[in-house]
Amino acid sequence: MNALVVLALSYAAMAAVSLSMERHQEQVYGKAFPAMPLRLGGWALLAVALVPAVAAWGMSVGILAWLGFLTFGALGIGLQMTYAPRPVRWTAPAGALLGAVAWLLA
């Protein structure tokens, strides 16, 4: 269950960080807008994703697992931005919500 939490939060964080780029904003939304809130939100979600990893597996293994899940989150959002960028509008918030709900239930 903790792996799902960390993966979902990592995916949402990477989506927010990628959407802070003007190019990706135009791919997904068709227009550009101020990127700083998305960038800050993405970095905050990255930090939040670290907490359940460290809580579940301890400091040393938790950080290593968090880095691995960040890699999978970045891979997922990278593939989605390449082949189907429009659904990021709802998959990223759904990932954040899924991760938060799973974290609360764990």
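Just so you know, residue 1 is the first one in the sequence shown, and it goes up from there.
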Q: Could you walk me through whether E26 and K31 satisfy the side chain to side chain contact (heavy atoms under 4.5 Å, CB included) test, starting with their C-alpha distance in whole Å, then the side-chain angles of each, then the deciding distance to 0.1 Å, before giving a yes or no?
A: CA-CA 5 Å; E26 290 176 358; K31 62 179 180 175; 5.8 Å; no
Q: For residues P52 and V5, report the shortest heavy-atom separation together with the two atoms involved.
A: CG-CG1, 3.8 Å
Q: Is it possible for you to say whether V51 and W43 belong to one hydrophobic cluster, with membership spreading through side-chain heavy-atom contacts below 4.5 Å?
A: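 No; W43 is not reachable from V51 via cluster members.
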Q: Please check if the side chain of Q25 supplies one atom and the backbone of L19 the other of a donor-acceptor pair under 3.5 Å.
A: yes
Q: To the nearest 0.5 Å, what is the distance between CG (L38) and CE (M21)?
A: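 Atom-to-atom, L38:CG and M21:CE are 12.5 Å apart.
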Q: Hey, quick one: are L70 and V48 part of the same hydrophobic cluster, counting side-chain heavy atoms closer than 4.5 Å, chains of contacts allowed?
A: no
Q: Distance check, rounded to the nearest 0.5 Å: F33 atom CZ versus E22 atom CD?
A: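 The CZ atom of F33 sits 10.5 Å away from the CD atom of E22.
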Q: How close do A92 and A12 get, counting heavy atoms only, and between which atoms?
A: O-CB, 3.6 Å
Q: Within the structure provided, determine whether L50 and V6 are in side-chain contact (heavy-atom separation under 4.5 Å).
A: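 Not touching, per the 4.5 Å side-chain cut-off.
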Q: List the atom of L7, the atom of G73, and the distance in Å for their closest heavy-atom pair.
A: CD1-N, 4.2 Å
Q: To the nearest 0.5 Å, what is the distance between OG on S18 and CD on Q80?
A: 9.0 Å
Q: Please test L46 against M14 for side chain to side chain contact (heavy atoms under 4.5 Å, CB included), starting from the C-alpha separation and ending with a verdict.
A: CA-CA 8 Å; L46 286 174; M14 288 297 178; 4.2 Å; yes
Q: Does the side chain to side chain contact (heavy atoms under 4.5 Å, CB included) test come out yes or no for W66 and V54, once each step is laid out?
A: CA-CA 8 Å; W66 175 69; V54 169; over 6 Å; no
Q: Tell me whether L9 shares a hydrophobic cluster with V17, the cluster being built from Ile, Leu, Val, Met, Phe, Trp, Tyr side chains joined at under 4.5 Å.
A: no
Q: Same cluster or not: W90 versus L97, using hydrophobic residues (I, L, V, M, F, W, Y) connected whenever any side-chain heavy atoms lie under 4.5 Å apart?
A: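 Result: no, two separate clusters.
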Q: Kindly give the heavy-atom pair with the smallest separation between S10 and A49, and that separation in Å.
A: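 Here S10 and A49 meet closest at OG-CB, 4.0 Å.
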Q: Looking only at atom types and distance, does a side-chain atom of W57 sit under 3.5 Å from a main-chain N or O of L64, one as donor and one as acceptor?
A: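 No, because the side chain of W57 does not come within donor-acceptor range (under 3.5 Å) of the backbone of L64.
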Q: Would you say L45 and F69 are hydrophobically clustered, going by side-chain heavy atoms of ILVMFWY under 4.5 Å?
A: no
Q: Quick one, V28 with R86, criterion side chain to side chain contact (heavy atoms under 4.5 Å, CB included). Give me CA distance, side-chain angles, the key distance, then yes/no.
A: CA-CA 5 Å; V28 174; R86 295 269 185 202; 5.7 Å; no
Q: Considering all heavy atoms of both residues, which atom of G95 and which atom of A8 are nearest to each other, and what is their separation?
A: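 For G95 and A8, the tightest heavy-atom pair comes out as O-CB, 3.2 Å.
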